[in-house]
Structure formats: C-alpha cells, structure tokens
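This report concerns only the one structure given below.
Quick note: numbers below take in every heavy atom, side chains included, and nothing from hydrogens, waters or symmetry partners. Since this is a predicted model, take the numbers as computed values, not measurements. Here is the naming used below: chain letters follow the sequence lines, and residue numbers restart at 1 for every chain.
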Amino acid sequence: MKLIRSGHVIGGLMVAVLAAVQLEAQDTITLGRRVRGGSKLLGKITGVSPTEITVSTSGTERKVPVNEVARISLSGEPVALRQGRTAILAGQYEQALESLQGLELSDSNDAILRQEVGFYRVLAQAQLALLGGGDAKEAEAAMKAFLVKERNTYHFFEIAEVLGHLARAAGDYAGAARYYQQLAKAPWPEYELRSTVLLGDALRAQSKWDEAAALYERALNVNAADPTAVRQQTLARIGKAACQVELGQVDVAIGQLQEVVAKNDPADDPLFAQVYLALGAAYRKADQPLDAVLAFLHVDLLFYGQREAHAEALYYLTELWPKVDQPARAVEARQLLQSRYAGSVWAKRAG
Amino acid sequence: MIGEQITALTGSSGRFAALVLSILVWVVGPVWGHEPAEAFLQELKSRGYYDLALEYLDRLESARTAEEDFLPTVDYRQGEVLIQSAMQERTLSRKQTQLDRAQREFEKFTREHPDHPLSRAARGRLGEILMERARILVAQSQQSSGPPERREELSAQARQLFDQAAQTFKDNKSQLQSRLEQIPKSLSPQTDAALIKERDLLRSEYVQAQFVGALVSYEQAMTFAPDSQGRRRLMQQAEEAFTPVAEKYRRRLAGLSAVLFQGRCRQQLGDPRGALAYFEDLLSLPDGEPLLRPLKTKALRGAMECWLDPEVAQYEAARQRAEPWLEQQRTAEQSDDDWLMVQILLAETYHQLVQTGAAGRDKTEMTGEARRLALDVAKYRSDAQQRAQDLLAKLGHVTQTVAQTKPISSFDDAMTAARDALSQRQVAVQTIALLQQRLPRVSEPASREEIEQRLAETQAQQEQAEQSALSLLRQAQDLVTDETPIEGINELRYYLCTLYYYREDYFAAAVLSDFLASRFPSTEEGRRASAVSLASLVRLYGDGRSYGAIKLRDRIQRTAERIAQQWKGQPESDDALATLITLAVHQDQPESAQKYLEQMSVESPKRAVAELTVGQALWSQANQGITPGGDPNAPGKLQAQAVGLLLQGLQHAAGQSPTATTVAAALVVAQHLINTGKASQAIQLLEDGAQGPKTLADQGHPLLESPELKQRVYLLAMMAYIGAISSSDSADEMIDRALSTLDQITKTTAGSANQQQLSSTYVLLARRLQEQIETAPPNRRGAMVTAFSRLLDRAASSSGELSVLNWAADSYVTLGTTLQAGGSNDPADANSYFAKAVSIYKDVLKRIDAGKLTVTAQERLLLDTRLAMALREQGEFAEAIDRFVVILSSQPNQIYVQMEAARTYQRWGDSGRHDAYLKSIFGDRPDPKSNRNVVWGYGRIAKLIASKPDLRDLFHEARYALAECRFQFALQQSAAERMETLEQAEQDILLTARLYPDLGGEERKVKYQSLLQQIQQSMGKRPTGLSS
C-alpha cells in the first residue's frame, strides 16, 4: 500500500516532470491582438500552407487561419532566430540580418524552422533595401528564390506584399500591381481590401490620382465590420485624401484627415504616421508651411519608428523649415535623413 | 525631487522651470487625446521648438481637435511654454516680452478656471515670473551703460517686483497651509493613498514656498549698493527667513540650501568668518551623495571667497580644501560655473601664496599650477573667464605655449587642442594690451627694455598660438564624419571665421561667418558669427574708396539689416543697427538713420554713440536751411529733434569716457541752449565733471588739444556765463567765471591765426548781451547793465588783446545804445558808456600808431569808423566828423563810411544844429585840390549807388534820409522858405516812387508813405501819400 502509494507519488511526479518537458517542447502560435486579444496557442506545428497552420494540441489537430497569426515560435528554436525576429519587429533590420546570417542549418533541421529562418533573412534584406540600405534587386531575387523553395510558407501573402513594395520602390508599378493582386486571392475580406489599398498606393506613386482615388473609393464602399478590415478602410481614406490634395480638393482632404485623427487611437503608429504625412502634404499644397511643418513634425517626433514615413517626413521638413525661417532646423533634418536613412529614396531626393 | 527643486532654485532658473513642469505632469498625468497633443507638445518643448509649441497650441484651441480635458488647459500650457522659452532666452528684452505674455496666460487661466487642479500651480508660476522679471531688471541695471540714476531706477523697479513676488509666494504659502490643515492628521496608506500623495506634495511645496520667500529677500537685498543701509537691512531679513528653513528641514536639501544662503548672507553682511562657519558646516557633509555635490561645490566657492578675503587671509586652508575637491572633478562638471569659480579661486590662492611668501611648495611650480588652472578656466565662457584672463595677464608671459601632448586622432581631439590654442592666444592678446598700457608710463630705460622684450615675446606667442589653432582647426575639418554633431561643426566654423578675422583675412572670414549666420541663425555660433560677418565686411569696405566699395556697402547694408531683424533686441542686432546708422549718415540719409535708431534697444551700449551720430546728422540737415517749397518751420523742428537726440545720447554716455563725438555733441547742444535762452543748462553741460567740454579743456584733455576747438569751447562757456547773468542769483559769480574764461581764451588764441574769427565772436557776444538786456524785465535791466559794464571794465583793463578790447568797446556802445533806446532817465548813463568806448578805441589806435599793435588796413578802417560812431553817439559831432573826414580823405569810396558820416550830420541836425541837415544832404568839407566834398551826403550817395542792385537797400535808406532831412530842415525855416523845401522833400519821395515803384519793399514803403503824409500835412495838403 505504502509502495503503491509511493508509486503513485513517484508516478505523479513523473507526470508532472513529463508535462513540464512537453510544455518546453511545444511550438507557440501567438494570435493577432486584434483577432484574439494576443492569446497563445501551444502545440506541435505539423504543417503550414499560405492560408493556414496546422497545429496538433493534445493529439487533436487544429487549423489556424494565417490572417489570425501574429507570429510563431518553434520549440527548441535557436536563440539567433528569436533575436532576429525580435529585431525585425522593432525595425532593426541590420541587427536582424546579423543574427540570422550566422545561423547554419542543415537539411536535418525541421522544415518549418528552415522556413522561418529563411523567411526572416529575406524579409530583413528586403526591408533594408526598401530603406535604401541594400540592393533591391538582390533582395527581390532572394525573396523569389525563397518562395520557389518554400512554396507552402504561411508567409506567402506577406511576401507578396513586400515583393510589391520592392517593385514599387524600383519604379516597376506593373510588377507591384501583380504582387499586390495576389493578396486579393486570399480567402479573407481584409486581404482583399489590403490589396485594393496597396494597388491604390501604387497608382498614387505614379501620380495617377483619379485612378488611385477610384480604387480607394472601392475599398471604402465595402461593407466591413472586422477591425482589421476597418483599419484597411481607414488607410484607404487616408490614401483617398492624399489624392484629393493633388486633385485640388485640399480643404476636403484636410477635413477627412482630421476626422481620421479624431476617430482613431494614436497608439496605431503606422496609421498615424500615414495620416500626418498626408496632412503635411495637404498643408504644403495649400501653401501653409507652418501647418505642414507641424504635421510632418508629428512623424518626426512621435512616429519616428515608422522608418519609411520618418524618412519622408524628414525630406519634407528639410524643404519646409527654411520657409518658416528656420534654416538651421532644415540642416538638422537633412543631416538626420542622410545619416539614418542614407540610400533611401528620400535621402537621394534630398541630395 | 525636492532635491532637484532646491538645486534648481540655487542654480539656474531654467532647471527649476523644468522641474516644476515635471511635478505638474505627475499631478495631471498623461492626457491622451484623439490628437496626441500632450505627447507632441512635450516633444516640441524638449527639442526647444517653443515657437512651434505656441503655434500648435493656438491651432489646437481654434481647431479643437484635442481631447476635451486638454482644451481648457491651453492657456496654462501656453504660459508654461513661454516661461520655459524665456528661461532659455539670452536677450533680456525678449525674455521680458515672453514673461509678460506668460503672465497674461496664467492670469487668464486662473481667472477662467479658478477651481482647476492646475490653478494653484499657475499662481505659483506667477510668483516665479515676477521674480524672473525682477532678475531681468537687476541684470539690466548691471549692464546699463546709462547714468547712475537710470541704474538706480531699474533697481528700484526690480525691488517693486520682488515685493510683489514675495506677496504672491506668501499668499501661496497660506493657501498651502490651509489645504494642509484640511487633510486629516491620521491617514491610512490603504484607503487614503491619494490624500497621502497630495499631502506629501503640499508639504514639499510648503517648504519650497518658505525657501523662495527667503530667497526673494536675498535677491532684493542684492539690488542695493554694497554697504548700503538697504542691502544690510534686507540681508538681515533674508538671513532671519533662511534660519527656520535651515533648522527645521536640515534633513532635506531645502534646509541645507538654506544653510548655504545663511553663509552668503553673512558674507554679504561683511562677516566672512561667520559665513565660513556655515560653509564649513556644508563641507563636512559626506562626499558620496550626488544630490549634495552641487551644493558642496557652491559652499566651497563661498568658503574660498572668505578664505581669500583680506580680513581672513587663510590661503593655506583654501588650498587644502580646494585641491582634493578639484581632483575628483567629473568631465560634465568642467564647464560648470561653480566649479570654474573654485578653480580660479584656487589659482588666485596659489598666486597669493607666492606673493605673500607663504608658499610651502616651490614658487615656480605654484605659479605654473595657477597658470594651468587659469588657462583651463579661460577656455569656457563663464563668470570666471575674465578673472582667469586677468590673472593670466598678471602672472606674466608663458615661456612657451603649452605643448600639444595628445596625438590628434579624432575631431574631438583636434577641437580640444584648438580651444587650448585659442585660449592661449586670448591670454597673449590681453597681456599685450596690458604691456602696451604700461609702456608709456615707464621712463627708466632698463624697465622699458624689459617690457619691450616681453611685448615682442608675447606677440610671437600670439602668432604661434594663432598658427597652431588654425592648423588644428583644419585638422578638425578633415576629421569631420557623418557622426560629427552639427554643433561641433558649427563651433569649428565659428572658430575658423574668427581666426580668419584676427589674421586679417577678411574675405574668408566674411564668407564663412555669413554662411554660419545665415544657415544657422538660431544657434549661438550663428548669432556670434553674424558679428564677425559684419565686422569683416566693414573691414573690407575700409574707407570706401576701394574698387567695388559700392557693392560692398550694399552688402553690408543687406547683412546688417538681416542681422538686425534676425537677432532683434540682442547685442548683435544693436551692433548691426549701429553700422546701418553710420552708413545712412555717410549717405546723407538722416531719416533712415533715425529709423534704425528707433529699432535699437534702449539699454544698448551702442545707443549713446548712435544717438549722437544721428543727432549730429539731423543738426547738419537742419542747418542747411529751408528747402524750396518746404515747410519754413521744418529747420527749427529738425533742430529741436536733433538737440533732443543729442541730449539723450549724452545722458546715455554719462559714466563712459568722453570721446570726440560726445564733445562735439555737447558743443552743439550748449550752443542751442544758449541760443534758446537756457544758458544755465548750457553751463551745466559744459562744466559736467566727466564729459563737460569746458572741464576737459581745463584739464588739458587730449580730445581738446586743438586750439580752435578749445577756443570754441571757451567762447561758448563765456556766452553761457554772460547769458546766465540775467537769470543768475549771483551775477558777480557769473562775471568772474566769464572773466576767467576770457583769460583762457586769450591764452588759447595767443599767436593763433584765428583772431578774425575771434573778433566776430566777440561781436556776437555783444549782440547777445544787447538782446538779453532788451528782453530782460525792466526791474532787472539796470542791474544787468551794471553787471555787464563791470565785466567790460575788467575785461578792458585786464587785457591788451585787440579782440578783447574791441569787444569791450563795442559792448559799451551797445550798452549805451540800449539805454538810449530804453529811454534812460539820465542821458549821462548812456554817455558814460559811449565815453568808455571812445576811450578804448582811442587807446587802441594810439597803440597801433605806436606800433604796439598790428592790424590790417581793413581792421584799421573799422576801428576808425567805430571811434567816429562812438563819438557821434556821445554827441561829439564835430570830432566825429573830423574823424570821418580823415578816413574818407584817403578812402572816399567807402560807401558805408560815407553813410555814417551823413548820419552823423543828420544826428547833429537833430541835436539843434539845423544847417547840418543840409550838409547831410549835400555833403561837406570840400577837398582843396578837387573842390569836391569829402563827405558826400545822402544825395550823392544815392545818385552813385542808384544803378547798383546789390546796394538797393542802402540807396533807399539814403533817399529816405534825404527826404527826412529836407523835411526836418524845412520845419526850421521861415514860412516863406519852408513851402519850397517841403515841395522838394515831397518830390524827393514821389520821384523815388516813380523810378522805383516797390520803394525797397513793404517796410520801407510804409516809412516813405508816413513821411510823405507828414510833409503833405505840413504843406497844408490832404495827406494822400503816394497815391497823390
């Protein structure tokens, strides 16, 4: 009895230890904050596809749609991968690349682990290229090569978007459109909206204001209730206002943008960076340099983490400061632009 | 937190403001609106974009995009931005403006939101503003270049503001106390956390309010002159106010700071030993506590001052305390004012130890150490910098410039070494100035030789330091990388352009400094470079004769206008305005100069010179007379305006050393004052102790070396003394001063070729006197005549100078004439003056004839004529005529003398010798040879000059006198003869009217008309006058 009892105790301890070991060995899927409040799903990732991740939890297989996934971490993943991923999320692409480049993986490694490392490598490379810190063509080629090799990656749509950005940055708008259109093939409405918004952005980059505005309008006419979709519509509203500025409807655009400011949470840095860039452009167009400076300064002082937007804001500040009799501040802005975003389109434009 | 507060209070007020802000942020908590207003505002302020922060708040208020909670606080936040901006502002006038605006914003906020949680803080801020404004006035008073009264006026205004601030802090303290009393004594951390938090904050604010209250008294005391009753009384009051804070809160930094101020109060009360007790108390605190470090440094500074006080003179104690403290100095503390002051005080201690022979160490080593410390201090802009440079100059030359020990491998290395080299250059320059001042006073050859040798060595060191600095700055240029901060690059540019300027490469200096000033106007370097830019351009312009000078002048103008606009209210702007004023005056544009002057700050040291320059320019313009078609009153107005400016300029220049400009201005103003009957004020100005031209002339000041200028000064002084006789209570004193000045004039003009001018001035003096007597009230007139006569008596008897004698004689004639015209009861009065004049003229002529005086033919003619005229006035007609005959026999064509002779006959006729009227008409004294009359009479005079338009006035005078004489003669004739003469007289006038219808102008026409009517009446005709 005692033995049995002891055996129960020992058995109980064993279960606890094993459970602990099992917990350590599990993969983690962090769900998107907007969708599932940032909760985590533990289990063994058994398969991935562009639209879903299959995870086995306590012997039960579950398919998680990719649009609900914020990120995954793999059991026993190398520290360098974790560091690289964290650096990318913080916008530290050089640091990410440094961590990931040192990782040596062989075929014996888990396929998903290889995919993750490969993806973050090409992503860091691409983001660096977008900020002018690397070769855009090389980055595009690397990304495409990755896609060829890892056709099932759950990062497919993310890769499509980044490839679109790379093509747009290189002035290949048709190519950009092709990539962005891929997003619309996703089975989720917000991806379709995202595709429309990005296509609008590409047209806007070509100064096709009417066509871009029509696309944004199309995105706005979709009946969306999901917060992610609504956010895409807000970005469409910002894009449309930016077109209105160029089409001479500056006052209307400013009103729209102020409404976006009034109705959104300033904690959404990417969105607010875009609003203030558009507001800055509107005031610049309206020949209100001081208001334009104030708008671009929001990006410089509050949303500088949005690196591309920050570079753009610095570029315009370089131009606008002298108009408000502050040439020294223009020099400071230019110096920051050149030192932090050397090689970016904005730094090159500033000369 | 309170520690920081107190540190801020005892240190820079900017940090204090930042701290209060942090407290408020803590009280209010982050306010997130739809528009991220709070965060954006915070970032704008932390970048120093105060201008934009204000614009942003204005826009928020009108657009109302911020959250509801934020909007009511906009006024408070504007006040806060303004106060922070004011703390950073260097220029007092701008600081003042911002504080004024901040005050309005806080007042508006407390008025509109009395119950808002920020309202109490706003009231506290109002007290701070008052205190800061008082400090501005104190600084203005210290920096003012104006007279002592102006400085005292500013100090008095500061004291009023300190009073108001004290009252605000007192009210605030009462409110804090009453709120504290409302909070229950016993609180539970679990249930009353908010109340506990509020109570702790209130207690801190209460201690702070007590401390600040005492601080107000201290700063107010410092506005009084040292050793004055006012300073003593308030200093004692401050000491009493600091005592309870020091005793009650010794465990808080507030209490320890109060101890520091107790020491400072003692020090100010002339008790360095008492002060030392307090400072020593603080110095005994443990060393490791970071919050106490600044306080201990301040205490050491105070203690060092006391140890070096001659009354204490404990140099060794000072050395022992300061050396270990300085050994543990941190890099960030190197440029701190208190640390720098401790350093220079230690250097002075070494110097004292060497001087007094009390040095325990090697004297050379100690002097070297003192020099090293002073060199370090001289590198930084601080209160101690001048002291360091003075000490370096005193310590003598450095045998060799400090060798560059560290290899240059980075921008920072190069800049540090360049700063050292520039500092060495500065010391060399100062030493050269000192030696150059000393040299002229040394006559002993060996000493002179030593000074000259040192001078040469120091000049070589200056050159070496400049070359070294230039080379290091160029190295720094090469070492600039993308990471080099823009501030560093701008500092490099500033040093370079300054060095180019020193080395007279004005073109390079102008280019670089202009770039810096125009591209970085908001930086310190940009602001300072503006001065280099303008100075370089002015140097390139030189005397304005070089090729391209016009273009350069335009560029100077543009640059100066930009600087004036950009740094409005700052010294650079005032310097630029001074340049613009000079340019405008040189281009003969006094109105523009005046506009620039209006933009210049009142307290600017350049203000005096600018006012004087513009005043002189306006004076010259006024003296150009009326422009065709212009306002006839314009010159008068302009003159008054010019004098006003000149007076202001002289007031602003009071206390400064006199210059050629101040002397010239004082003379113009004195002249104007004399002309406008304000002789007493003119005397005050001329005799001013420091700047008065007469004082300077008496002292033999180099500015008045020129005999002509000296003479002008004395003449003006004399005119002023004479002018003041009528209004002075002591006419005798004025006469004495006039006579003494007369002696000085005589001395000054001895051997001068300026006698003619001097004579004219004497004539002017006589005329001025006549005017004075004529316009004086009847009851004073007699006294004035007597006083002036005494002056003349003494002048005539004491001087053998022809000009003085002439002046005296002329003045006697003037006096006599004035008495005659004024209807003196006793004709003998007037006659006595004429007699005196005659006597002087005769004496002068006698001396001339005896060869004792030499005169020109013209002067001789004038003297003879004046004598004859004086004789006429005296009634000695026969002798007068004899004198005229003598003159006219040799010079018959002297038409004015002929007129005087004719007038003499007329006056003789008037006196009863009726046949003289005929002689005045037809002449007299035929020349035996030609049988023509030597004296022509009015008839011939008129005939001979009728065809001369330039003598038309004289012609009419003669024609009128002729008719008048005929009429007067007719009146003496029998009835039978009379009619014919009257008809002739009538015809004389009618004929003149026919030939010359304008009759010499309206005034004379009226006279002709009146005389003609009298003649017609005497003929029994209707007096139709000229219309008959």
Tell me if the CD atom of A:Glu308 is crowded by more than 12 foreign heavy atoms within 6.0 Å. no
Measure [X] against the heavy atoms of chain A and call it side chain, backbone, both or neither at under 4.5 Å.
X        : answer
B:Leu516 : neither
B:Asp51  : side chain
B:Ser46  : neither

Name, in order of residue number, those residues of residues 330-339 of chain A that have a heavy atom at a distance of less than 4.5 Å from a heavy atom in chain B; otherwise write 'none'. A:Val331, A:Glu332, A:Gln335
Residues of residues 237-251 of chain A under 4.5 Å from chain B (heavy atom pairs)? none
Tell me yes or no: between the side chains of [X] and [Y], is some donor less than 3.5 Å from an acceptor?
X        : Y        : value
B:Glu561 : B:Tyr596 : yes
B:Ser85  : B:Gln98  : yes
B:Asp574 : B:Gln599 : no
A:Tyr93  : A:Glu98  : no
B:Ser409 : B:Asp413 : yes

Please check: side-chain N/O of B:Ser513 versus main-chain N/O of B:Ser533, any donor-acceptor pairing under 3.5 Å? yes
Heavy-atom distances under 4.5 Å only: say whether A:Val293 touches chain B with side chain, backbone, both or neither. side chain
So, the part of A:Leu302 with a heavy atom under 4.5 Å from chain B: the answer is side chain
Among the options B:Tyr56, B:Tyr49, B:Phe520, pick out the one with the most heavy-atom pairs lying under 4.5 Å from chain A. B:Tyr49
Carboxylate-amine/guanidinium proximity below 4.0 Å for B:Arg77 and B:Glu38: yes
Less than 6.0 Å separating the ring centroids of A:Tyr315 and A:Trp321? no
Are the ring centres of A:Phe303 and A:His310 closer than 6.0 Å? no
Plane angle bin for A:Tyr276 and A:His298 - parallel if under 30°, tilted between 30 and 60°, otherwise perpendicular: parallel
Can you tell me how the ring of A:Tyr316 sits relative to the ring of A:Phe296, calling it parallel under 30°, perpendicular over 60° and tilted otherwise? parallel
